[in-house]
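Since this is a predicted model, take the numbers as computed values, not measurements. Note on naming: letters A, B, ... go to the chains in the order of the sequence lines (proteins, then strands), and numbering restarts at 1 for each one.
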Number of protein chains: 2
Amino acid sequence: MNTLAEENYLKSIYHLSINAENVSTNQIAASLNTKASSVTDMLKKLADKALINYTKYQGVSLTSSGEKIAVNIIRKHRLWEYFLVEKLKFKWDQVHDMAEEMEHISSAELIDRLDEFMDYPQHDPHGEPIPDCNGRFKASELKPISTLSVHDSGTISGVRDHSSSFLQYLEKQQLTLGKKISIMEIVEFDHSMIIQMENKKEIHISREAANNLLIAL
Amino acid sequence: MNTLAEENYLKSIYHLSINAENVSTNQIAASLNTKASSVTDMLKKLADKALINYTKYQGVSLTSSGEKIAVNIIRKHRLWEYFLVEKLKFKWDQVHDMAEEMEHISSAELIDRLDEFMDYPQHDPHGEPIPDCNGRFKASELKPISTLSVHDSGTISGVRDHSSSFLQYLEKQQLTLGKKISIMEIVEFDHSMIIQMENKKEIHISREAANNLLIAL
DNA sequence: TAAAAAATTTAGACTTATCTAAATTATGAA
DNA sequence: TTCATAATTTAGATAAGTCTAAATTTTTTA
Ligand SMILES: [Mn+2]
Ligand SMILES: [Mn+2]
Ligand SMILES: [Mn+2]
Ligand SMILES: [Mn+2]
C-alpha cells in the first residue's frame, strides 16, 4: 500500500496531466499547497517505486501503475461524494473535503460494495464520471457554455470549478445538474451571457461563470 | 485535531481502563503492537496536551478531555461497523479492520448524519453500545455465560472476543446476537457447557468460548 | 547568444512516530 | 530488608514528510 501523501501526489499529477503531457514541479506544489522542494523529494520516491516517469528538470508523467492507483483514488473520492449527497443529504458544495479523507480508506471490497449499494452511479455530484471497479470510465464530453452561440441549448451536466462559493452561487440561481438552458444573448462588451431556463426565467451570468458551467448538447 | 497515532493511543487507554484504574506502559504497548519505549514517548506528548494523567512509572489514566476524544472515536468505530454490516452486508467478523481506518474520518457532521441515516442504532454488530452525539451511552450489563448455572437462560447480546476466528465459529454454531439459550449442563471436569437453543438443539461449548459469549438475562 | 529571470534541485534542518540498547526505578521473594 | 527481576524510561538512530535558503539548470528576453 501507498502512504496518504503518495496517494495525494498521484491524484494531483493525474488531474494536472489532463492539460499537459508532462506536469511540472511547481504545478504540483501549487495544487497540493506545498513547496517545490518538497515535491522534488516526493517525485524521487514515486520514481523509485516506478509510479511516475521522472527526469530531473523535465517534469513528470504517471506510469500505467501510477495511473491505476490515481484512478482508484478518484473512484473512491467520487463514490463517497455521491454517498454523502444521495444518502446523507449533504449539499454538493459540502462534500469535497470529507471525500478527500475518505478516498484513502483502503479496502477495495468496501468500495465495491458501496458502489453496489448505491446502484452503480455513473457521475458524482459535480457531474464527473465515476470509474468502475476496473478503472474504466467514459471521458466526459462536456464543454463550457461559454463556447455556445445564441440560440444553442443543452443540459447542465458538470462544473469545472468545485469551490463552495461557485456551487452555492449556482444553487441559488437554480443552475443545477440536469437543468435545460438555452442561450438568449451574448453581451459583446464583457462576454457575459443571458440564458433562459426551462421555466422561461432569464439569468445573466458572467464570462467567468460561463467558463465553469459545463453542458451536454 | 489529533493525529491518527494519538487517537489510537487514547482509544487503547480507554479500553484498558475498564479493568484497572491506571493503565501500564506495557499494557498499552501490547494492545497497540508497539514497544514500551514508543509508548513512553507518546505518553509524554499526550500528557503535554492534558489528555492523560501521567506520572513516571505510575501508569496513566485519561483526563476528561482525553476520555471525550476516546469515546468519540469509539462512537465512530461502532457506527461504521454498523453501517458495514447493515447497509453493505458484510459479516460481523469482517468489519473491525475497516472501521479501524474509518473511525479517524474527522467530520462530526458526517458521523451525526450517518447516525441519523441508520436511525440511531444502539449497539454495534458485536453488541457493544454506541455512544450518542454527546458521548453518552449505557454501560452494558452483560455477563459471560460461564457465570451462569444449570437451568439459567437468557439472550445472547454480545461477545468479548472480536476475533474473526471466534465470530466465525459462533456464526457456524448459530450462536448469534439475539438468540435465546439455556444452560443444560456444566461439565465438572473442564467447565465446558452444554446449552440448548430455542429450537431445542444442544451445543457443547468450551469454557473458553463460554467466557467470551455475553448474555442479557 | 549572453545575461537575467524563472524553475527546479540540493543541502541542511525540523517534527512525528518508530525502534534497539542501555540505564533507571519499582517490585516481590528470600 | 536486600537483591534479582521485571517494568519503565532515556539515549541515540531511523524513516517519512515537510520547510528555508542556497545552488544549479532551464527558459526567456534583449
Ligand atoms: Mn471532489
Ligand atoms: Mn486526499
Ligand atoms: Mn471493532
Ligand atoms: Mn484506528
#### Entry: N/O (side chain, A:Tyr57) to phosphate O (OP1/OP2, C:dT10) under 4.0 Å
no
### Query
Heavy atoms under 4.0 Å, any strand shown: does A:Ser37 hit a base, just sugar-phosphate, or nothing?
base
### Message
Strictly below 4.0 Å: does A:Lys45 bring a side-chain N or O up to OP1 or OP2 of D:dA16?
### Response
no
### Query
Over how many whole Å does the gap from A:Leu32 atom CG to D:dC19 atom C1' extend?
15 Å
### Message
Under 4.0 Å, heavy atoms only, any strand: does A:Thr25 hit a base, just the sugar-phosphate, or nothing?
### Response
sugar-phosphate
### Query
Reckon B:Tyr54 has a side-chain N or O less than 4.0 Å from the OP1 or OP2 of D:dT8?
no
### Query
Taking atom C1' of C:dG12 as reference, at what distance in whole Å does atom CG of A:Asp41 sit?
11 Å
### Query
In whole Å, what is the span from the CD atom of A:Glu6 to the C1' atom of D:dA15?
12 Å
### Query
Distance check: side-chain N/O of B:Tyr9 vs OP1/OP2 of C:dT16, anything under 4.0 Å?
no
### Task
In whole angstrom, give the distance that lies between atom CD of B:Gln58 and atom C1' of D:dT8.
10 Å
### Query
For the side chain to side chain contact (heavy atoms under 4.5 Å, CB included) test, which of A:Asp48, A:Thr40, A:Leu46, A:Asn22 pairs with A:Tyr54?
A:Thr40
### Query
Taking atom types as modelled and ignoring hydrogens, do the side chains of A:Trp92 and A:Glu171 form a donor-acceptor contact shorter than 3.5 angstrom?
yes
### Task
Give a yes/no verdict on a cation-pi contact between B:Lys87 and B:Tyr82, requiring under 6.0 Å between NZ or CZ and the six-membered ring centre and an angle within 45° of the axis.
no
### Query
Which of parallel (below 30°), tilted (30 to 60°) and perpendicular (above 60°) describes A:Trp80 and B:Phe83?
tilted
### Task
With heavy atoms under 4.0 Å as the rule, sort B:Ala36 into base, sugar-phosphate or nothing.
base
### Message
If you compare every side-chain N and O of B:Lys44 against the phosphate oxygens of D:dT10 (OP1, OP2), does one of them come in below 4.0 Å?
### Response
yes
### Task
Could you state the atom-to-atom distance from CG of B:Leu4 to P of C:dT16 in whole Å?
15 Å
### Query
Given atom CG of A:Asn8 and atom P of D:dT18, what is their separation to the nearest angstrom?
9 Å
### Query
Looking at B:Ser38, does any N or O in its side chain come under 4.0 Å of the phosphate oxygens OP1/OP2 on C:dC19?
yes
### Task
Ignoring backbone atoms, establish whether A:Asn26 has a side-chain N or O less than 4.0 Å from OP1 or OP2 of C:dT8.
yes
### Query
In whole angstroms, how far is the C1' atom of C:dA7 from the CD1 atom of A:Ile28?
13 Å
### Query
Has B:Lys56 got a side-chain N or O lying under 4.0 Å from the OP1 or OP2 atom of D:dA7?
no
### Query
D:dG17 P sits how many Å from A:His104 NE2, rounded?
12 Å
### Task
Flag the pair A:His96 / A:His77 as yes when their ring centroid distance falls below 6.0 Å, and as no otherwise.
yes
